[in-house]
Amino acid sequence: MYDCIIIGGGIAGLTAAIYASRAGLKTVVIEREQTGGQALMADKIENYPGFSGSGYELICKAEEQALSSGAKIIYDNIEDVSLEGSVKTLKGENETHSGKTVIIAVGASHKRAGFQGEEEFFGRGVSVCALCDGAFFEGEDAAVIGGGNTAAEEALYLSGICKKVYILHRRDKLRADFTLRKRLESRENIEILYNTVPIKVKGEESVKALVTNRGELSLKGIFTAVGLSPNTEIFKGKLELDEKGYIKVNNRLETNMEGVYAAGDCRVKDLRQLITAAADGAAAGEEALCTKH
Ligand code: NAP
């Protein structure tokens, strides 16, 4: 029986673990794959105060801090939850976990852009992570789909590896912030194609071209960056979610279920950033202490 079970080992979950275990709670982080979440895709973090480095480096440090604070990290995929009453039970693929409080920090996953061949060629030219897969396209042409901060960062990273990088954006204006837009403009091998949507991948073993509403692009890599969707499937019907599936919380990060909190990208919020996820983790870890007593 834990005092505090944290589901998800991204920056929100690891920060919650640091705060909860430093407050003396018997704390566990349950992660389904690899700690780090979306931070692992960040090549260079420039807007986390006092830190400069890759997402991987940040996560290694946060994990080390969580462990040295006394938290435990285990790997299991939570498939079902029972959150009512004073003892919460989480049914994992490997075992069932019980705790007095639960902090949900399950993050969000990449949405699909919806073009023909996106699934079929996934891992064979189509990717959601330039940092992970960009090197496969050294000296080749590639495209990034989307107009937000992620699309801009992916394109900037790829421009250092690829011959040419197209950004395909469905509207006539990028959503990415000012600094990133300026940086995109300064790269000669990045071309932004506005009002352009991908329709179909052409290729056999791997991607050879992308057909769009405005013509065909000959390229080898396609990186989709069209936003996120929360990993909250298992909480449907158990917690209050908004229409997009994000978990509703009050200003103490409490869900509608007593002793259950949500932190980071999986909750309803305005600004989804590493720093706001970490702040959520701190607040939720602290709140868990209040519930336990
Ligand atoms: P986002 O801001 O939601 O942007 C998604 C982009 O994809 C939008 O431009 C959207 O077009 C486009 N899009 C959505 N569905 C599409 C489809 N089916 N086909 C083609 N295009 C589609 O997502 P994000 O860039 O992943 O960012 C998520 C959050 O993380 C944001 O809050 C962002 O600020 C934050 N973030 C911050 C940083 C940073 O601060 N350095 C870095 C990465 C992410 P429309 O514009 O037409 O909607």
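Both ligands and their constituent atoms are indexed starting at 1 by order of listing.
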Novice: Can you tell me the protein heavy atom closest to atom 34 (O) of ligand 1 and the distance?
Specialist: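 Going atom by atom, the protein heavy atom closest to atom 34 (O) of ligand 1 ends up being Asn149 ND2, 3.0 Å.
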Novice: Report the part of Pro198 in contact with ligand 1, treating N, CA, C, O as backbone and CB onward as side chain, heavy atoms under 4.0 Å; options are side chain, backbone, both, neither.
Specialist: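 For Pro198, no heavy atom sits under 4.0 Å from ligand 1.
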Novice: Relative to ligand 1, is Lys111 under 4.0 angstrom through side chain, backbone, both or neither, heavy atoms considered?
Specialist: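 No part of Lys111 comes within reach of ligand 1.
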Novice: When you compare ligand 1 with Leu228, is there at least one nitrogen or oxygen pair between them that comes in under 3.5 angstrom?
Specialist: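 Leu228 vs ligand 1: no N/O contact under 3.5 Å.
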Novice: List the closest protein heavy-atom neighbour of atom 2 (O) of ligand 1: residue, atom name, distance to the nearest 0.1 Å.
Specialist: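 Going atom by atom, the protein heavy atom closest to atom 2 (O) of ligand 1 ends up being Arg175 CD, 3.5 Å.
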Novice: If I take atom CG from residue Leu253 and atom CD1 from residue Ile103, how far apart are they, to the nearest 0.5 angstrom?
Specialist: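 The CD1 atom of Ile103 is 9.0 Å from CG of Leu253, to the nearest 0.5 Å.
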Novice: Can you pull out the closest protein heavy atom to atom 42 (C) of ligand 1? Residue, atom name and distance to 0.1 Å, please.
Specialist: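 Answer, as residue, atom name and distance: Glu153 OE1, 3.4 Å.
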Novice: Go through the side-chain N and O atoms of Lys88 and Thr101 and say whether any donor and acceptor fall under 3.5 Å apart.
Specialist: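 Lys88 vs Thr101: no donor-acceptor pair found between side chains.
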Novice: Please list the nearest protein heavy atom to atom 44 (C) of ligand 1 with its residue and the distance rounded to 0.1 Å.
Specialist: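 Among all protein heavy atoms, the one nearest atom 44 (C) of ligand 1 is Thr150 OG1, 3.3 Å.
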Novice: Enumerate, atom names and distances included, each donor-acceptor pair closer than 3.5 Å involving a side-chain atom of residues 242-249, sequence neighbours excluded.
Specialist:
from, atom 1, to, atom 2, distance (Å)
Asp242, OD1, Lys244, N, 2.9
Asp242, OD1, Gly245, N, 3.0
Asp242, OD1, Tyr246, N, 2.9

Novice: Indicate, as side chain, backbone, both or neither, the part of Asn47 found under 4.0 angstrom from ligand 1 when only non-hydrogen atoms are considered.
Specialist: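 For Asn47, only side-chain atoms sit under 4.0 Å from ligand 1.
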Novice: Nearest protein heavy atom to atom 5 (C) of ligand 1, by residue and atom, and its distance?
Specialist: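 The protein heavy atom lying closest is Val226 C, 3.5 Å.
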Novice: By ring pair (Phe, Tyr, Trp, His ring centres under 6.0 Å), which residues pair with Phe223, not counting sequence neighbours?
Specialist: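 So Phe223 forms a ring pair (Phe, Tyr, Trp, His ring centres under 6.0 Å) with Phe137.
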Novice: Any heavy atom of His169 closer to ligand 1 than 4.0 angstrom?
Specialist: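 Contact present.
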Novice: Ignoring angles and geometry beyond distance, decide whether Ala113 reaches within less than 3.5 Å of ligand 1 through its nitrogen or oxygen atoms.
Specialist: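 Yes, there is a polar N/O contact under 3.5 Å.
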Novice: Hey, could you give me the CG/CG distance between Leu58 and Leu14, rounded to the nearest 0.5 Å?
Specialist: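 Answer for the CG-CG pair, Leu58 versus Leu14, is 9.0 Å.
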